[in-house]
Amino acid sequence: MRAQTLRALLATLVAGTLTAGIAATGTATAAAPVTAPAAAGSGSGTADTRDIKERLLSVPGMSLIEEKAVSGYRYFVLGYRQPVDHRHPSRGSFTQRLTVLHKDTSRPTVMYTGGYNVSTSASRSEPTRLVDGNQVSVEYRYFSPSRPEPADWSKLDIWQAASDQHRLYRALKKIYGQHWLATGGSKGGMTATYYERYYPRDMDGVVAYVAPNDVNNAEDFAYDRFFERVGTKECRDALDAVQREALIRRGPLERKYADQAKAEGWSFGTVGTLDKAYEAVVLDLVWGFWQYSDEADCADVPEARTVSDDDLYAYVDAISGWSFYTDQGLDPYTPYYYQAGTQLGAPTIALPHLKGLTRYGYQPPRNFVPRDIPMRFDRRAIPDVDHWVRHHARHMLFVYGENDPWGAERFRVGQGSRDAYVMTAPGANHGANIAGLAPGSRELATARVLDWAGVDAGTQAAAPLARLDKAPAEEPRLRP
């Protein structure tokens with residue numbers, strides 16, 4: 001972006017008026033000058049010339065799982081010993097899995113998390129490509145294999161997870177001494193935000209994509225309003241009709257479900273019964289459609305009154321996934337449902353078009369976590385984060401998709417926030433990103449990310465690499 005364009009945009013922000021076409025909300029002030037980055041070295045004033053693998057493995061508690069060949073980078077899958085309880089580090093530890101996509105210690109570093117398991121296949125997040133930097137990708141605690149044995153589930157909370165990131169950052173900052181950004185999508189965007197709330201001095205900037213913000217878990221009207229307005233009425237009606245039909249034909253479709261469960265070896269001990277799992281999958285249909293599909297996909301919604309049982313069953317499977325609420329489908333996501341039922345909150349929507357057809361409604365997270373794991377909801381955690389973001393956010397960018405249901409309850413910036421933005425990508429779903437923003441917003445967002453990373457505004461992003469920049473495949477799910 002040209003220097004005069006950036007100056008004009010920033011001047012507009014200082015004046016308190018956003019340029020026409022910039023889809024941002026909240027307040028913003030002029031960015032503080034970027035301080036000179038620390039020298040990358042051993043801390044003795046002499047550059048550390050050791051191989052990057054040796055330097056990484058010299059970090060106390062770091063171990064090598066695997067090194068993989070990646071064109072233009074060094075790529076490591078690593079393990080790092082973390083305390084189970086950061087308040088009492090001596091009371092046990094576990095190995096947290098992470099990956100390092102190494103470009104050069106003279107480049108900025110992006111700390112990425114999806115909020116779930118870390119992929120051991122190399123990939124670059126959008127901020128990593130924009131700043132042409134290194135990327136440290138972190139597995140969220142308690143997602144296998146990054147789980148203590150035995151697991152004390154009371155130590156799975158947003159502060160402990162943020163403390164994992166803080167401790168890892170402090171260990172790696174000695175190697176990667178330039179500017180750092182935190183990023184993540186969905187639950188990963190939430191994770192990056194919570195990290196910033198608890199450790200606001202670590203990162204130079206945060207880019208949080210499609211991050212839900214369920215401040216009041218008992219009040220979900222925003223989701224109802226979203227589903228009354230998203231897309232066209234014709235598409236909404238067609239999806240509602242398919243959902244109704246799947247409940248009307250519960251008998252024959254559940255027999256198909258039982259046959260598939262037997263063939264696949266699925267069981268339903270956690271949710272309780274096949275019937276509960278069946279309804280949960282069907283109730284995910286409309287949400288799952290808008291989370292992952294585009295308006296163009298409305299043309300593929302079947303005609304509910306004439307669709308065959310086989311085709312109806314297949315369509316629900318394609319959107320919601322019959323395997324998801326089985327024991328085998330739920331088990332990898334026990335940590336998510338535990339957090340949803342103890343701190344994060346979970347959506348409940350009215351579904352008036354299904355009146356008289358549902359037996360359970362939207363089931364709470366407690367139904368998707370084994371009963372031997374105790375759960376108690378903390379009503380203070382997320383309101384605290386929300387208040388902090390509104391009044392103290394600094395160098396933060398939130399990106400949402402216009403047609404993504406998870407964006408119905410979102411983070412907002414307000415009085416007291418500085419150089420912080422909320423932007424919406426037109427027509428985008430849960431895959432919204434900076435590239436999908438309207439032109440004015442895209443230029444502003446890119447300029448701010450580069451500035452936070454200490455990168456000159458005229459610097460070109462890293463060249464696209466199909467193998468590294470392909471978005472990870474998503475399975476249908478009602479999870480952020």
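For this chain, numbers begin at 1 and follow the sequence in order. As the structure is a prediction and not an experimental result, all values here were calculated from the model.
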Distance only, no hydrogens: is a donor on one side chain within 3.5 Å (strictly under) of an acceptor on the other, for Asp85 and Gln160?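 Gln160 and Asp85 do have a side-chain donor-acceptor pair below 3.5 Å.
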Between Tyr421 and Asp419: side-chain donor-acceptor atoms closer than 3.5 Å: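 Yes, side-chain donor-acceptor contact under 3.5 Å.
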Measuring centre to centre across the rings, with the benzene-like ring taken for any Trp, is [X] within less than 6.0 Å of [Y]?
{"X": "Phe227", "Y": "Trp290", "answer": "no"}
{"X": "Tyr257", "Y": "Phe268", "answer": "yes"}
{"X": "Trp159", "Y": "Tyr194", "answer": "no"}

Kindly write out the residues that satisfy salt bridge (Lys or Arg N to Asp or Glu O under 4.0 Å) with [X], not counting sequence neighbours, or none if the list is empty.
{"X": "Glu126", "value": "none"}
{"X": "Lys233", "value": "Asp237"}
{"X": "Asp224", "value": "none"}
{"X": "Arg305", "value": "Glu303"}

Pairs meeting criterion salt bridge (Lys or Arg N to Asp or Glu O under 4.0 Å) with involvement of residues 87-100, two or more places apart: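 Those involving residues 87-100 are Arg97-Glu139.
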Specify whether Phe143 and Tyr140 have parallel, tilted or perpendicular ring planes, treating 30° as the upper limit for parallel and 60° as the lower limit for perpendicular.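 Plane angle over 60°, so perpendicular.
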Do the rings of His102 and Tyr176 sit parallel, tilted or perpendicular, given the 30° and 60° boundaries?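 The arrangement is tilted - the two ring planes meet at 30° to 60°.
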Please list, chain by chain and in numerical order, all residues satisfying side-chain contact (heavy atoms from CB on, under 4.5 Å) with [X], sequence neighbours excluded.
{"X": "His392", "result": "Trp388"}
{"X": "Asp384", "result": "Arg197, Tyr198"}
{"X": "Asn213", "result": "Val215, Ile382, Asp386, Phe411"}
{"X": "Asn217", "result": "Asp214, Phe377"}

Looking at Arg170 and Asp202, is there a salt bridge between them, counting it only when a charged N and a carboxylate O are closer than 4.0 Å?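 Looking at Arg170 together with Asp202, the answer is no, because their closest N to O distance does not fall below 4.0 Å.
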Pairing of Arg250 and Asp275 as salt bridge, 4.0 angstrom limit: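 Here Arg250 pairs with Asp275 in a salt bridge, since their nearest N and O are under 4.0 Å apart.
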Is there side-chain contact between Leu253 and Asp309, with at least one heavy-atom pair below 4.5 Å?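 In contact.
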Polar side-chain atom of Glu196 near backbone of Met396 as donor-acceptor pair, under 3.5 Å: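 Between the backbone of Met396 and the side chain of Glu196 there is no qualifying donor-acceptor contact (under 3.5 Å).
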I need the full list of disulfide bond (SG atoms under 2.5 Å apart) pairs touching residues 330-406, with sequence neighbours left out, sorted by first then second residue.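 Every pair satisfying disulfide bond (SG atoms under 2.5 Å apart) with a residue in residues 330-406: there are none.
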Provide the full list of side chain to side chain donor-acceptor pair (under 3.5 Å) pairs with a residue in residues 340-352, sequence neighbours left out, each pair given once.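 Applying side chain to side chain donor-acceptor pair (under 3.5 Å) to every pair that reaches into residues 340-352, excluding sequence neighbours, yields nothing.
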What ring-ring contact (aromatic ring centres under 6.0 Å, His included) pairs are there with at least one residue in residues 228-255, not counting sequence neighbours?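 Qualifying pairs: none.
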